[in-house]
Each structure stands twice: as C-alpha cells, then as structure tokens.
Peer 1: 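Sharing a structure below in structure tokens format, with a few things to ask.
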There are 2 protein chains.
Amino acid sequence: MSQRQSKSEAAGNRESERRRTILRAAIDVFARKGYHGCRIADVAREAGVAYGLVYHYFKNKDELLETVVETGWSGFVSRMRAVAEEESTSLEEKVRGIADVAFEAYRVDPRAVKVLILEVARSPAGTQVVSRQQAYLDTIRMAADMFARAQSTGELRADLDPMLCASLLFGAIELGLTAFVSGLMEDRGPEALERAKLQIAESFLRGVLPGAATPAEASWKQEKVSSGTRPKAGKRS
Amino acid sequence: MSQRQSKSEAAGNRESERRRTILRAAIDVFARKGYHGCRIADVAREAGVAYGLVYHYFKNKDELLETVVETGWSGFVSRMRAVAEEESTSLEEKVRGIADVAFEAYRVDPRAVKVLILEVARSPAGTQVVSRQQAYLDTIRMAADMFARAQSTGELRADLDPMLCASLLFGAIELGLTAFVSGLMEDRGPEALERAKLQIAESFLRGVLPGAATPAEASWKQEKVSSGTRPKAGKRS
DNA sequence: TCCCCGGCTGATTGGCGAATCAACGGGCCG
DNA sequence: CGGCCCGTTGATTCGCCAATCAGCCGGGGA
C-alpha cells in the first residue's frame, strides 16, 4: 500500500504531514499531562483532526508513545554515540560533547525532552514494554564503556567504577534538565542553559579526572575517626 | 484469607496490622508493576485479603499511593533535613550524610525506594496531585539552601549555582540507586552499595569543593585551541 | 440463648476511554 | 460521466477496573 504515491507529489507529502501533525500534538499533550493522564481524544483535538484518524496512522495508543519516544531518542542516541565513540577526542571533550547534545536537544524542543525524561527514563521498570527501558539502559552502558576505555588510557581515575561514572554523569544532566523542566530554575533563557551545561560538565570532570588529592579525599580517609558516630542516617524503625 | 483464627488477639492491634499488611503489599506491587500497571485486586491478592478490605482502610487507589509515598518520603526527608541543617558539621560531612541516608534507605527497603523514585521523583509533572511533585522539589530546594549557606562560609566554590549543585547531587544519587534498581550493577551486595555511595559522594565533593585548579579546568581553558572545531552536537533537523 | 456489632468478603455496578467500523467526499482514472 | 479508492470522520461498541454495597461470620454482652 505504500507504493501509492500516485497523487501529485504533494499528496504523498500530505499524508506524512498529517502524521507529523499528530505526532507533534502527541508530544505536546504527553508533555503537558503525561501519557497516562491524557486521552487519545486530547491528542486528536490538539492536532485538530478526527479521533479516528489517530488510529489510521497508529495502531494504538502505545504505538503512538513508542513512535514519539523512538524518534526523539534515536536522534539523541546517535548524536551521543558519535561523540562517545569518536577516536581522536579526549574524555573531557566527550563529556562536554554529551552535555552539549543533551542541553541542545532541550533548547530545540523542551517538550520532547520532557516526554523522554518522564516516559522513558523513569517509566515503571518491570511493566512497560521492555524496549524503552532497554534503550535507556543501553545508552548508559555505552557511556560506561566510554569511561572504561578512558581508564585504560589513564584519562580517568582508575579507582572509579565506570558504570557509576556513567550514572553520575547522566543523573547530573538529567536532574539538571529536570530543574528547568519543573521550573526550579527561574531563569530559563539560553544563557542560563549554557551556564548550567558548563557547570555540570565542569563539576563532573573535576570530580572524576585524575589529579591531586583534594580536601574531600583526604578527609574521606579518616571519616570514621573524625566524625565518630553520626547521629543517625537511615535506619527506619 | 485462611488466617481466620487469630481473632482472639488484641483487636486494636489487628486493625493496624491488617492495614500495614496492605500497605506493604502495595509497596511490593507498585515496585513490581508500577502504580498504573497494577489493579487494586493485585494488591489485595498480594496482601492475602479480600478486595473490599483495601477500601475499608483506604478511601481509594490514589490515597493508597499517597500513603505509601508519604510514609516513605517523610522519613527520608526528616533524616535528610536533620543532616542538612545540622549547624556544626562541614559541608563535606553533610553531603556524605545525605548519601548515607539515601543508600541506607535503599539497603533497608529497596522496593520502597524504587516506588519513591518511580512515582514521586519522576511523576508526570502537571497531572498528578501537586503535593507529590511539590514535596520532591522542596527537598531539592532544601539542599540548594544548604549549598547557598556553604557558599557564604566559603565551603563551596562561589561560582556555582546552588540549585544546580543540589540537582547534581540528587541526580547522581538517584541514578546511582537506579543503577542498582534496574540491574545495571550486577553486584548488589552491601559492600557494592557502600562503594557506590563513597564514589558518588567523593566524586561530587571533588567537583564542587574549592581547591586548586584541576587538570580539568586547566585544559578546559585551552579547549578550543587544542581541539579545533568539534564536529557538532545537537541540532535536530 | 439470641442478637448486635464491626471487621471482613467478593459479586455487582457504573463509568471511562481505547479501539472499531460504517459511511462520507473528493480526486482520479477509464 | 460513473465507479473506485482512500483519507477522513465520529458515533458506537466493548472491556476493564475502580468503587460500592448487601450481606457474612464469629465474639461478646445481655
């Protein structure tokens, strides 16, 4: 059925135009009310099309989300992979590059990023289609590989767990973006984004690159001695 | 449902016992399938009680989640507040204390932590009851205040945004825990947790405490010179 | 002994929303 | 001109699940 582009080339265009309209509407609505918090009718209304048309282009509600996510995520991942696997750059540049990719994506389409963070990164693990969860985990693993390689060249402190480095970096970026998404950062202008990006990358790098022992490390060694028994921490009766 | 014999025990005891059983079951089921992915019937079955009893103790499904979250979160927050607002400790100790609280909570009850991360931290912003989202944001703000105070005493680099520091710390902790929750870290023994906690706290501190310029910073200054034009990063057609 | 009371039960209901489907219209081809 | 093809429409159907409610059971008081 796909061969039918017979109508003028405009027609073939038209079809995907509709589809794109619906996809765009889905992103906006998902960002606003969340996947579970919205009805297909909302998406249709937002897109200005009939209810049934959504089902003409997408098998069901889940496929709609899947498409939104896949589109946004695959672009993000491929850019990130390009950065992470580039042979000739230093770890530092790679880390900065990854922050670039993430923040640039947010600058270009904040709502799409919001959906990705909300529906992919934090989707209830077990339940959902595994592919989403998997894609996210694979990305972290990719970063972990990058860090592992950097260790072998001495660009990264040897005593760190690469997987944790990856978690740390992504966690910082993700919550950094969340601060913008959720309104924690009042200033959301491009310069504020830029500053945030730099602070995150720089703080992260400072923390994991090899270098002289910092006060932090020194005191860590004697933690138990100096602080004795801390009042408490955790426990939960 | 076969447990009928124990009527003789203290009646007052029994009521709250049942209630706690249901709450516990809810945590387990939410952790396994997510709030939206499970039915009240699942919770009842897990608890080994009749469907209707859940509604005897909780007004509706949402109140059930609310109770789970409030219980777990309030304990976490109060511990954290105690650490963050303690007058006589250094920023360093506070940060380590916060990591302690979070990782200890996970060690004690991983499933409860999973529910908190999934259903509180990343709940679709707009839709849900605001209180949940709010509680989370307030916690981050509390940490941001802590960092702001530390700046005024010179314990924290002055050029950092306190709110971003808080995001960075929580992001690192959260994704660190997520790595365990999701199975990214194969070793989930207590020692692995301990190591992860230390690495996260140490890397974070190294990154944000004042100190001599690190290689990271030094090389960052000349980045553009040494690397020329980076291919690209972000764009999205 | 009987009856009330309250914790407890689970079949039933009601509503919501995903997914279906029969029909429409307008372009295109023969 | 007439028939067909398909993108489009939106009322209708259907299944699911939260929430209800009429009633059960067993203890304790009269």
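Chain letters run A, B, ... following the sequence lines, proteins first and then strands; every chain starts at 1. Reckoned from all heavy atoms, side chains included, excluding hydrogens, waters and symmetry mates.
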Peer 1: To the nearest Å, how far apart are Tyr55(B) OH and dG23(D) C1'?
Peer 2: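 Value for this atom pair: 20 Å.
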Peer 1: Mind calculating the distance between OH (Tyr57(B)) and C1' (dA18(D)) to the nearest angstrom?
Peer 2: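 Distance check: Tyr57(B) OH to dA18(D) C1' gives 20 Å.
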Peer 1: Could you work out, with salt bridge (Lys or Arg N to Asp or Glu O under 4.0 Å) as the rule, every residue matching Glu63(A), not counting sequence neighbours?
Peer 2: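 Checked Glu63(A) against salt bridge (Lys or Arg N to Asp or Glu O under 4.0 Å); matches are Lys59(A).
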Peer 1: Mind calculating the distance between CG (Asp42(B)) and C1' (dC16(D)) to the nearest angstrom?
Peer 2: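 For the pair Asp42(B) CG and dC16(D) C1', the rounded distance is 13 Å.
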Peer 1: Side chain of Arg18(A) only, please: which of dT8(D), dG7(C), dA19(C) is the nearest?
Peer 2: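 Looking only at heavy atoms from C-beta outward on Arg18(A), the closest nucleotide is dT8(D).
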Peer 1: How many Å lie between CZ on Phe58(B) and C1' on dA18(D), as a whole number?
Peer 2: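 Interatomic distance, CZ of Phe58(B) to C1' of dA18(D): 16 Å.
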Peer 1: For Leu193(B), does its backbone N or O pair with a side-chain atom of Tyr106(B) as donor and acceptor, under 3.5 Å?
Peer 2: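 No.
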Peer 1: What pairs with Phe76(B) under ring-ring contact (aromatic ring centres under 6.0 Å, His included), at least two apart in sequence or on another chain?
Peer 2: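 Listed in chain order: Trp73(B).
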Peer 1: To the nearest Å, give me how far apart CD1 (Ile22(A)) and P (dG7(D)) are.
Peer 2: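 Spelled out: CD1 on Ile22(A) to P on dG7(D) is 12 Å.
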Peer 1: Summarise protein proximity over nucleotides 12-17 of chain C in one line of letters, 5' to 3': B for base, S for sugar-phosphate only, - for none, counting protein heavy atoms closer than 4.0 Å.
Peer 2: -----S
Peer 1: Roughly how bent is the helix from dT1(C)-dA30(D) to dG30(C)-dC1(D) end to end, in steps of 10 degrees, with each end axis from five pairs?
Peer 2: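 Rounded to the nearest 10 degrees, the bend comes out at 30°.
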Peer 1: Listed by chain and number, what are the side-chain contact (heavy atoms from CB on, under 4.5 Å) partners of Glu186(B), not counting sequence neighbours?
Peer 2: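 Counting only residues at least two positions away or on another chain, Glu186(B) forms no side-chain contact (heavy atoms from CB on, under 4.5 Å).
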Peer 1: Under the rule for salt bridge (Lys or Arg N to Asp or Glu O under 4.0 Å), what residues qualify as partners of Asp138(A), not counting sequence neighbours?
Peer 2: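 Arg141(A).
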Peer 1: Listed by chain and number, what are the ring-ring contact (aromatic ring centres under 6.0 Å, His included) partners of Phe147(B), not counting sequence neighbours?
Peer 2: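 Checked Phe147(B) against ring-ring contact (aromatic ring centres under 6.0 Å, His included); matches are Phe204(B).
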Peer 1: Kindly write out the residues that satisfy salt bridge (Lys or Arg N to Asp or Glu O under 4.0 Å) with Lys61(A), not counting sequence neighbours, or none if the list is empty.
Peer 2: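 Not a single residue meets the salt bridge (Lys or Arg N to Asp or Glu O under 4.0 Å) criterion with Lys61(A).
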Peer 1: Once salt bridge (Lys or Arg N to Asp or Glu O under 4.0 Å) is applied, do any residues pair with Arg149(B), and if so which ones, sequence neighbours excluded?
Peer 2: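 Arg149(B): no salt bridge (Lys or Arg N to Asp or Glu O under 4.0 Å) contacts found.
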Peer 1: Looking only at side-chain N and O atoms, does His56(A) come under 4.0 Å of OP1 or OP2 in dG7(D)?
Peer 2: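 Yes, His56(A) has a side-chain N/O under 4.0 Å of OP1/OP2 on dG7(D).
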Peer 1: Indicate yes or no: at least one non-hydrogen side-chain atom of Arg19(A) is less than 4.5 angstrom from one of Thr67(A).
Peer 2: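 Yes, their side chains come closer than 4.5 Å.
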Peer 1: Could you state the atom-to-atom distance from CZ of Arg19(A) to C1' of dT8(D) in whole Å?
Peer 2: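 So the two atoms are 16 Å apart, to the nearest Å.
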Peer 1: Asn60(B) has an atom CG; how far is it from atom P of dC17(D), in whole Å?
Peer 2: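 Interatomic distance, CG of Asn60(B) to P of dC17(D): 17 Å.
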Peer 1: Rounded to the nearest Å, what distance is computed from the CG atom of residue Leu53(B) to the P atom of nucleotide dC24(D)?
Peer 2: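 So the CG-P distance, Leu53(B) to dC24(D), works out to 18 Å.
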